[in-house]
Amino acid sequence: MTAWIDAVLMPHLVIAPILLPMLTAALMLLLGEKRRKSKAALNILSCLAGLGIALALLLWVDAQPGPLAYGVYLPSNWPVPYGIVLVADRLSSLLLLLAAGVGLAAALFALARWHRAGVHFHPLFQIQLMGLNGAFLTGDLFNLFVFFEVMLVASYGLLLHGSGRARVGAGLHYIAINLLASSLFLLGTALLYGVTGTLNMADMAHKLAQIPSADRGLMHAGAALLGMAFLIKAAMWPLSFWLVPAYSAASAPVAALFAIMTKVGLYAVLRLWTLFFPAGLGPDGAALLPFGGPVLVWGGLATLAFGAIGALASQHPGRLAAYSIIVSAGTLLTAVGMHQTSVTGGALFYLLSSTLAVSALFLLVELIERSREVEDEAMLARPEDDDLLDLPGAMPEGVNLDDEEQALIGRAIPAAMAFLGLSFIVCTLLVTGLPPLSGFVAKFALLSALLNPAGLGAASAAAPIGASAWTLLALLIGSGLAATIALSRIGIRYFWAPQQRPAPKLRVIECLPILLLLAGCAVLAWQAGPVLRYTDAAAAALHGPRAYIEAVLSTQPVPPPRAPQQQQQGPTP
Amino acid sequence: MEIVLALAIGVLGGAGVWLLLRPRTFQVLMGLSLLSYAVNLFIFATGSLSIGEEPIVRQGLTANLENYTDPMPQALVLTAIVIGFATTALFLVVLLASRGLSGTDHVDGRENDEQEGGAR
């Protein structure tokens, strides 16, 4: 039975993460706008099924022996360089799982009230998931563009969900910038097609090694244009000015889902750069540096610094969460630009942890803001309170008094406030990278890989550590400090301010997704060993792309189910 | 022929970028359209230029790029046109929504900071 599942079912499961959301979205459109409950149920069911499929794919890929951990699928059954090809390897399965988890949490959260704020929330949500999954799975450059566009078009709709002037203004800028980025993507793809004559990423990597040096300039121009398109999505400074207004204007579940969208740009850079510019020795014997590596490293460092300063400057928790995304993007870009296997492994762990944490933070911000709204309404509703203040003399002796001379003892913390406060503390620990949660493990893995490329405990005197590594170390710790200050300030303002307000009313459906995301981070910290082993294996496969190229190029289409003698006949005239 | 196509792409692209940098939403939309035309022409040109040759295989002609034009860029341009058209239409809707909500066609939804202070 298991053999049958492995041999027959699993290869076909590679296309399921794309088909499932697409069919769900189509079904939802048929249901019409009135039947919101059945749509919501469909959305949750589809997200749960997507999570299960992603988990099954990940376990299947990881269980395969050696470096050949690939599931290659030919959707149109054409021979490889001509037809579209889907590839599930360790990296894409990991990101599929992450997208499914974040998607499930965001969909659950939206059920509380956001899905009623406008039309077609659920179909757009599923189409966004389809674009994300497709971008992670595809092995074809133009198909990557198509899935990027699917993802972006759904994200335009989702960003505008709920309407309002701020969302429309931010959405206009967001769409304009992404349309420009799409043009750059097309230009880069066309240039690379012109140089190599193929669009299959593995085939292109295979042919790029053989192109004459006269054409290398053209190929570098194409790669640079593609990189610009990806870096706009991955939010590298100075291409990231659209991100903070857009993400802080979006509704909470949408912003939580968008937390993974910046990672798509990063994924594309990671995938293409390790394929096209593998480490090794050049024809003249010198070590090959990846094209644009210093740009990635120093641009990532600038992004990190920009994000940290922005986090310190933000007065609004939504903007703070958006700047945390920029901080994580900067860290990841720098780590990818370093082009070292161990650093990439740590960075992948950091990607998991930071995406879950920032997504939880976006959901939490909405609830915190709502408690603030309750406070404002309470203040407006009771303007006569000033006349009714108890005199301090009425208090018993020896009681601690707060700012407004009210007794502090015996005041119960409402469960909702306790939940919000504790979740906020956990988010702070995760985003800033303080122990004992997965944020700390991630930063530790990154820093130890940076300082000791040979591995923990090995002699490190072999190679000197570059200036960029030291800068990254300083900025990582500095940005953690900046985030601690910024988040503590917001926490003090929202949780420790005088509590004259009734506690916000939270619903279980709103707390559950936050708990899910934070539990994901707790599992990451608890199972850090196996997860790090997995991410290291994924990084090793990325930095040795030969296995990927061979796995894709050696895949044969399934022969048609005909009798053999019919195949001998020539084509019918 | 190459110089004509290069000039067309260059003029379209240059005009598109100039319009894109304008502060009016409709000009930005036109800029994006012109840029997408330039990009589509560019993709078309990457399959090498040829006159009077088809991308469809005919009998009796060997299937190489001397007898046929490269079909791949044409397929790519077709997809890119469809996607670009859809996203431009979506941008137009958001443009109209922004115009209706803010009462101005400035890309920021307000003319500038001094006038905003006066309007309030």
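Just so we're on the same page: letters track the sequence lines, and every chain starts at 1. All values reported here derive from a predicted model rather than from experimental measurement.
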Asker: Check each atom of A/L199 against the heavy atoms of chain B and say whether the ones under 4.5 Å are side chain, backbone, both or neither.
Answerer: side chain
Asker: What I want to check is whether the side chains of A/Y193 and B/D70 have a donor and an acceptor closer together than 3.5 Å.
Answerer: yes
Asker: Measuring heavy-atom distances to chain A, does B/L32 have an atom under 4.5 Å in its side chain, in its backbone, in both, or in neither?
Answerer: side chain
Asker: Heavy-atom pairs under 4.5 Å with chain A - which of B/V39, B/I43, B/T88, B/L35 has more of them than the others?
Answerer: B/V39
Asker: Most heavy-atom pairs under 4.5 angstrom with chain A, which of B/T46, B/L20, B/L76, B/L90?
Answerer: B/L76
Asker: Where does B/L29 contact chain A at under 4.5 Å (heavy atoms): side chain, backbone, both or neither?
Answerer: neither
Asker: Can you tell which part of A/L172 gets under 4.5 Å to a heavy atom of chain B, answering side chain, backbone, both or neither?
Answerer: both
Asker: If you tally heavy-atom pairs under 4.5 Å against chain B, which of A/G194, A/G197, A/S183, A/G157 wins?
Answerer: A/S183
Asker: Over all heavy atoms of both residues, which pair between A/G171 and A/L160 is shortest? Give the atoms and the distance, please.
Answerer: CA-CD2, 4.4 Å
Asker: Would you please test B/R24 and B/D105 for salt bridge (Lys or Arg N to Asp or Glu O under 4.0 Å) and show each step?
Answerer: CA-CA 6 Å; B/R24 302 282 151 200; B/D105 67 342; 2.7 Å; yes
Asker: Tell me yes or no: between the side chains of A/Y156 and B/T87, is some donor less than 3.5 Å from an acceptor?
Answerer: no
Asker: Can you tell me which portion of B/I83 sits under 4.5 Å from chain A's heavy atoms? Options are side chain, backbone, both or neither.
Answerer: side chain
Asker: With no hydrogens and no angle check, just 3.5 Å: does a side-chain donor-acceptor pair link A/S182 and A/E149?
Answerer: yes
Asker: Anything under 30° is parallel, anything over 60° is perpendicular, the rest tilted; go ahead and classify A/F148 against A/F185.
Answerer: perpendicular
